[in-house]
Visitor: 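Handing you this structure, nothing more for now.
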Amino acid sequence: MKTQVCIIGAGPAGLLLGHLLRAEGIECVVLERRSPDYVLSRIRAGVLEEITVSLMERLGLDARLKAEGLPHEGFNLADGERLIRIDIAELTGGKKVVVYGQTELTRDLMEAREERGLEVIYEADDVTLHDVEGETPYVTYSRDGKAQRIDCRIVAGCDGFHGPSRAAIPAGVGKEYLREYPFGWLGILADVPPCNHELIYANHERGFALASMRSETRSRYYVDVPLTEKVEDWPDERVWDELAIRLGPQAAAHIVRGPALEKSIAPLRSFVFAPMRHGSLLLCGDSAHIVPPTGAKGLNLAASDVHYAAEALVKFFRANDGDAISGYSDKALARVWKSERFSWSLTRLMHRFPEDGPFERAMQVAELDYIASSRAAQTSIAENYVGLPV
Ligand code: FAS
Ligand code: PHB
């Protein structure tokens, strides 16, 4: 098979890029290791920045997002009894975020693939990238035991943190930046109404908690747990008990308990691989960077990467403008690093680190005091949370 762009990975980055390229008449094929059901079974992000919403609008795939997404104009930082509301709309001149599950966004993109002429090959095994340094890269894979090959001009690595694309870049070419956190997030999804109409991020002496949601009848909660913990150590009741303590009495009074539809522990890391382009290979999304979910940036960074990549590829194929491709990495990384900083700093502020002593805790209290009393501090948090300009 021959195409212009071979996209590896049919998560949000790969599907968004595929649709954007097809909308511009650029030929592409998406290769995905898993089945559609498996991809949809992964419960991940829940908060969309304007860039992500705008891409769905641009594609005309935002009907369900508009109908079911929950616009949020603020969120809360809880520190013991204190609740600090960050009024993101007031502080950013009317911007907001939309609560809409990554699963639903991925479903919207998947369901539109046929009508938009986007070919996605699921259950592609042993995807391997070849000759990405040159101008005639190709990708091999197998499906139903049959060896296949796709010749292309560009490969877009949208295959997440553990995919083959970043690994196809020879050692020594790029630089890795990594910070691993000494805890993970245990997430629970349940068909119960949220305890609060806005998100609450809580820093409690027992640890971090987050009250989020997917709709007015479906809630998403998290507590941080030591990396030694296993999901089986956390029966539902234990999770609900811990959430009630960490979120504080006011929120706890409104927690409705129910059976977990999904419960999993995700490790937290900050990671960047630079550059995000090597020869004919562009990296987008989690294949190039990971943020701790504290700042709700992961999915939205994938969206901004894809926005830049699509812009560059349209220029490249339409006007044979090679410079557009060469500028991709710097453009994407400029936004990635700012989101990495915000996610790292909010993680530092809202979690208890095992290595921290009284001084570090005093710094957290002082910073929360400052945020509570400073419009400038709240504005900084608000403009990062809604997403910095693209
Ligand atoms: P993805 O990982 O979503 O997609 C990559 C795709 O590539 C997958 O479908 C995978 O199957 C496929 N793939 C991998 N290897 C392949 C191969 N060899 N061949 C073909 N295909 C291959 N972000 C937030 O903003 N908020 C959150 O709360 C949040 N929670 C998260 C929880 C977990 C457990 C994880 C892992 C991530 C979480 N994230 C969160 C971040 C997450 O939402 C990502 O930022 C987002 O999925 C990025 O999208 P992609 O870059 O498309 O990567
Ligand atoms: C979620 O709803 O899954 C969610 C929301 C905000 C975050 C992280 C996760 O910062």
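Whatever order the structure lists them in is the order used to number ligands and atoms, beginning at 1. Bear in mind that the values here come from a model prediction, so they are computed numbers and not experimental data.
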Visitor: Quick one: nearest non-hydrogen protein atom to atom 8 (C) of ligand 2, plus distance?
Guide: Pro293 O, 3.2 Å
Visitor: Is it the side chain, the backbone, both or neither of Arg42 that has a heavy atom closer than 4.0 Å to ligand 1?
Guide: side chain
Visitor: May I ask you to list the atoms of ligand 1 that are less than 4.0 angstrom from any heavy atom of Gly285?
Guide: 51 (O)
Visitor: Below a 4.0 angstrom heavy-atom separation, can you tell me which part of Cys158, side chain or backbone, both or neither, approaches ligand 1?
Guide: backbone
Visitor: Could you check if a side-chain atom of Leu247 sits within less than 4.5 angstrom of a side-chain atom of Ile255, using non-hydrogen atoms only?
Guide: yes
Visitor: Which ligand 1 atoms are under 4.0 Å away from a heavy-atom of Tyr222?
Guide: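 Those of ligand 1 that fall under 4.0 Å from Tyr222 are 28 (O).
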Visitor: How far is atom 6 (C) of ligand 2 from its nearest protein heavy atom, and which residue and atom is that?
Guide: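 Answer, as residue, atom name and distance: Tyr201 OH, 3.3 Å.
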Visitor: Checking a contact table here: which protein heavy atom is nearest atom 3 (O) of ligand 2, and how many Å away?
Guide: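 Ranking protein heavy atoms by distance from atom 3 (O) of ligand 2, first comes Tyr222 OH, 2.6 Å.
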Visitor: Quick check on contacts: which atoms of ligand 1 are under 4.0 angstrom from a heavy atom of Pro293?
Guide: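 Reading through ligand 1 atom by atom, the close ones are 27 (C), 28 (O), 29 (C).
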Visitor: Where does Ile290 meet ligand 1, judged by heavy-atom distances below 4.0 Å: at the side chain, the backbone, both, or neither?
Guide: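 For Ile290, there is no contact with ligand 1 at all, from either part.
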Visitor: Assess whether a salt bridge exists between Glu205 and Arg246, defined as any Lys/Arg side-chain N lying under 4.0 Å from an Asp/Glu carboxylate O.
Guide: no
Visitor: Yes or no: does Leu210 have any heavy atom under 4.0 Å from an atom of ligand 2?
Guide: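 For ligand 2, residue contact (heavy atoms, under 4.0 Å) with Leu210 is present.
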Visitor: Aromatic rings Tyr385 and Phe342: how do their planes relate, parallel, tilted or perpendicular, breaks at 30° and 60°?
Guide: perpendicular
Visitor: Describe, in one word, how the ring planes of Phe353 and Phe183 are oriented to each other, choosing from parallel (under 30°), tilted (30 to 60°) and perpendicular (over 60°).
Guide: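 Judged by the thresholds at 30° and 60°, the geometry between Phe353 and Phe183 is perpendicular.
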Visitor: Does only the side chain of Arg214 get under 4.0 Å from ligand 2, or the backbone, or both, or neither? Count heavy atoms.
Guide: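 Under 4.0 Å from ligand 2, Arg214 contributes side-chain atoms alone.
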Visitor: Report yes or no: does a heavy atom of Tyr221 sit under 4.0 Å from some atom of ligand 2?
Guide: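 No, Tyr221 has no heavy atom closer than 4.0 Å to ligand 2.
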